[in-house]
Amino acid sequence: MKILVGLSGGVDSAVAAYLLKAQGHEVACAFMRNWDSSLNNDILGNPNLNNVICPQESDYNDALITAEALGLPLYRVDFIKEYWDEVFTTFLKEYDQGRTPNPDILCNKYIKFNSFINYAQKMGYPYVATGHYAKIRNKDNHFYLAKADDLSKDQSYFLAQIPQSVLSHIIFPLANITKSEVRRIASELNLNIAKKKDSTGICFIGERDFREFLKNYLPAKTGDIINIDNNEVLGQHQGVMYYTIGQRKGLNIGGPGGPWFVVGKDVKQNLLFVAENQENHWLYSDSCLITDVNWLCMLRPLECNVKFRYRQKDHPVIIKYITEDKIMLSYPQMISSVTPGQQAVLYLDDVCLGGGVIMDVYNQGKSLNERLEGATNVSIRKK
RNA sequence: UGGGGUGUAGCCAAGCGGUAAGGCAACAGACUUUGACUCUGUCAUUCCCUGGUUCAAGUCCAGGUACCCCAG
């Protein structure tokens with residue numbers, strides 16, 4: 001088979017490419033460039049501004065060395081404009097509205113498993129492969145997305161929004177092996193990136209002081225931090241969009257009591273609501289509305305498991321179908337910090353059914369905003 | 001001005017004559033292809049100041065000083 005492998009300059013995609021070649025496929029590699037710090041005005045909090053070589057280019061060099069070591073051709077393709085238009089614009093719009101988007105899920109949906117697949121087909125490669133830890137299962141010519149064997153690295157969560165139609169064109173060579181085996185293979189091949197640290201942070205942008213990064217695009221706007229239990233002002237925030245539900249760090253609320261966690265925000269009034277201690281009822285919900293559901297198979301169960309964030313354990317939920325792409329999930333056991341803007345991904349055993357955006361969260365029938373408004377109707381007290 | 005109380009880290013706060021607990025915050029590291037959570041580590045040679053008693057003082061004594069409360 002002719003396969004184009006997305007080579008990132010990391011170990012995972014390198015070993016993925018090697019495995020496919022070893023299996024006798026006709027393999028070529030492509031390096032995607034999706035972020036340009038200077039083009040995208042990425043200045044504040046950018047640790048690499050003064051570096052001679054930016055991390056994207058250094059990854060490209062690693063990809064070059066890897067491709068050469070494996071004896072594979074390497075293409076280079078830019079999706080900088082696509083990334084900005086389809087991923088980053090929505091990302092910023094969501095933050096601006098006080099929500100917490102998941103850019104990497106959008107990146108997979110629009111870039112890696114759309115633009116990149118189109119590119120591959122144009123180049124004459126009907127199949128693409130990546131170093132994702134996930135599995136494509138073919139049952140009677142129906143293709144399913146499933147969790148990787150290495151559950152501790154499983155990345156199916158990030159793939160829940162990819163078009164169902166592309167599943168039959170994807171190969172995940174790391175589906176059945178563990179991270180440590182990947183590292184072992186890389187060192188046996190003497191690949192220079194065998195010990196390279198796993199990349200974290202927003203894909204293509206990297207690990208950053210997140211608030212400083214956002215300040216490049218969403219200017220700071222200070223306002224009150226309010227204790228939702230008594231409407232007392234506890235401090236000042238730098239802009240509600242810089243914080244997310246369940247966040248503890250960066251609030252700068254010292255003194256008695258605590259720790260404090262973000263439980264909600266009022267974008268219009270520029271208020272950040274916090275509550276004391278992790279068990280606080282304000283953090284919990286018992287149901288949520290999911291929109292933009294992307295289905296990856298025909299299964300529509302009434303109960304399944306859900307992850308509300310990457311690496312979270314599976315939570316059993318009950319599904320109520322509203323429309324084809326809108327569902328209500330309920331979980332009477334209560335779950336903490338289900339965050340609007342993030343992705344809910346549905347699983348039945350290890351099969352990923354699909355996922356959608358958390359639109360709103362509820363507790364005993366009341367939405368988070370209704371609850372917050374009820375609690376803050378009384379006037380806010382200055383300390 | 002009289003009477004009472006309190007001054008220990010950025011913030012709360014233990015300590016009661018034997019060599020400065022703990023929490024919050026902050027910072028650093030680990031974990032992690034989002035944002036987070038979590039975990040681990042660091043953070044007062046010094047207790048408002050000055051004297052004194054004592055082998056030994058944050059702790060006792062004297063004076064000063066700052067803040068708080070009640071009187072006026």
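Lettering follows sequence order; numbering is per chain, from 1.
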Is any NZ, NE, NH1 or NH2 atom of the basic residue among Asp59(A) and Lys196(A) found under 4.0 Å from an Asp or Glu carboxylate oxygen of the other?
yes
Is any NZ, NE, NH1 or NH2 atom of the basic residue among Arg137(A) and Asp350(A) found under 4.0 Å from an Asp or Glu carboxylate oxygen of the other?
yes
Taking donor-acceptor contacts at under 3.5 Å, does the side chain of Gln342(A) reach the base of U34(B)?
yes
With sugar-phosphate meaning primed atoms plus P, OP1 and OP2, does [X] contact a base, only sugar-phosphate, or nothing at under 4.0 Å between heavy atoms?
{"X": "Asn277(A)", "answer": "nothing"}
{"X": "Phe91(A)", "answer": "nothing"}
{"X": "Thr339(A)", "answer": "base"}
{"X": "Gly257(A)", "answer": "sugar-phosphate"}

Tell me, please, which residues at least two apart from Phe158(A) pass ring pair (Phe, Tyr, Trp, His ring centres under 6.0 Å).
Tyr310(A)
Establish, with yes or no, whether the OP1 or OP2 oxygen of [N] is under 4.0 angstrom from a side-chain nitrogen or oxygen of [X].
{"X": "Tyr243(A)", "N": "G35(B)", "value": "no"}
{"X": "Lys249(A)", "N": "C27(B)", "value": "no"}
{"X": "Arg248(A)", "N": "U38(B)", "value": "yes"}
{"X": "Gln278(A)", "N": "U38(B)", "value": "yes"}

Distance under 6.0 Å and angle within 45° of the ring axis: does Lys147(A) meet both against Tyr347(A)?
yes
